Amino acid sequence: MSGTARHDREMSMQAKKNLAACTDPLEKLRLQCLARGSAGIKGLGRVFKIMDDDNSRSLDFKEFLKGLNDYGVMMDKVEAQNLFSVFDKDSSGTIDFDEFLVTLRPPMSNARKEIIMQAFRKLDRTGDGIVTIEDLRGVYNAKYHPKYQNGEWTEDQVFRTFLDNFDSPYDKDGQVTKEEFINYYSGVSASVDSDVYFILMMKNAWKL
């Protein structure tokens, strides 16, 4: 359903290898996130979201630097400053972190973006832009899950664990937004070279 563990491992190893030769601060940050697997970029997004106390959806340099440190990103202050100024296009001293995450996502073809959105729309049965356990009931069959079959988990526990794949490692709220879903799959996408294979994988996983 999500990126396979093998893809994650391969992507992580590849990112670590590329990191050694990388000098561009944006690519460096992207690779450090991808080295953590498919959910790496999404995890950084959540760290920034937690720091955005006033819900302004923007960060100043101090918050930006603290977010990078909290997430364990290795980057010196000068590099972080250069990176910050790439995003601070109007030199206002703050950056829009939604825009930041979109730029940080590995580039994806339109065909990949469209299949990800098809999967999200199928999941989001209420059409409110957020996938919850209620949305999953008619789409995902928990009864085949081995832990449900052996009586260890209830149906709701299976659903919740499934949602947690896409949710953030730091702030699991049992809800998955469109952004989180795309952030997750942009990580998976980075580990799959061929568009055709990625689309096939998505179609099989989500029965599209």
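Not measured: the values here are computed from a predicted model.
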Next item on the list: Start with the C-alpha gap between L208 and I199, add the side-chain angles, then the distance that decides, and say whether side chain to side chain contact (heavy atoms under 4.5 Å, CB included) holds.
Entry: CA-CA 10 Å; L208 296 170; I199 289 164; over 6 Å; no
Checklist line | Transitive ILVMFWY side-chain link M74 to V47, under 4.5 Å | finding: no
At what distance, to the nearest 0.5 angstrom, does [atom1] of [X] lie from [atom2] of [Y]?
| X | Y | atom1 | atom2 | value |
| --- | --- | --- | --- | --- |
| K28 | L19 | NZ | CG | 7.0 Å |
| L26 | T103 | CG | OG1 | 7.0 Å |
| D164 | F159 | CG | CZ | 13.5 Å |
| T126 | D135 | OG1 | CG | 4.0 Å |

Notebook entry, point to check: Parallel, tilted or perpendicular: which fits the ring planes of F87 and F100, with parallel below 30° and perpendicular above 60°?
Noted result: perpendicular
Next item on the list: Name the orientation class of the two ring planes belonging to F181 and Y185 (parallel below 30°, tilted from 30 to 60°, perpendicular beyond 60°).
Entry: perpendicular
Next item on the list: Apply side chain to side chain contact (heavy atoms under 4.5 Å, CB included) to L123 and W206, showing your working.
Entry: CA-CA 9 Å; L123 266 183; W206 297 104; 3.5 Å; yes
Has the side chain of [X] got a donor or acceptor atom that lies under 3.5 Å from a matching backbone atom of [Y]?
| X | Y | answer |
| --- | --- | --- |
| R112 | F198 | no |
| D88 | I95 | no |
| D60 | G93 | no |
| D124 | V131 | no |
| Y71 | F48 | no |
| N18 | A15 | no |

Notebook entry, point to check: Does a sphere of radius 6.0 Å around CE in M13 hold more than 12 heavy atoms from other residues, nucleotides or ligands, not counting ones at 6.0 Å or beyond?
Noted result: no
Note to self: For the NZ atom on K122, are there more than 12 heavy atoms of other groups (residues, nucleotides or ligands in this structure) within a distance under 6.0 Å?
What the structure shows: yes
So which atom in [X] and which in [Y] form the shortest heavy-atom distance, rounded to 0.1 Å?
| X | Y | value |
| --- | --- | --- |
| L104 | R30 | O-NE, 2.8 Å |
| G72 | Q32 | O-OE1, 4.3 Å |
| Y148 | V158 | CB-CG2, 3.9 Å |

Notebook entry, point to check: Hey, is D156 close enough to R137 for a salt bridge, meaning N to O under 4.0 Å?
Noted result: yes
Check: Does a side-chain N-to-carboxylate-O contact under 4.0 Å join E63 and K66?
Finding: no
Note to self: Any non-hydrogen side-chain atom of R121 less than 4.5 Å from a side-chain atom of M117?
What the structure shows: yes
Checklist line | Residue pair K147 / T161, side-chain heavy-atom distance below 4.5 Å | finding: no
Note to self: Working note: N110 + K113, criterion side chain to side chain contact (heavy atoms under 4.5 Å, CB included); need CA distance, chi angles, decisive distance, verdict.
What the structure shows: CA-CA 5 Å; N110 285 335; K113 287 178 192 161; 4.0 Å; yes
Check: Stepwise, does the side chain to side chain contact (heavy atoms under 4.5 Å, CB included) test hold for M75 with L83?
Finding: CA-CA 10 Å; M75 191 173 279; L83 186 57; 3.9 Å; yes
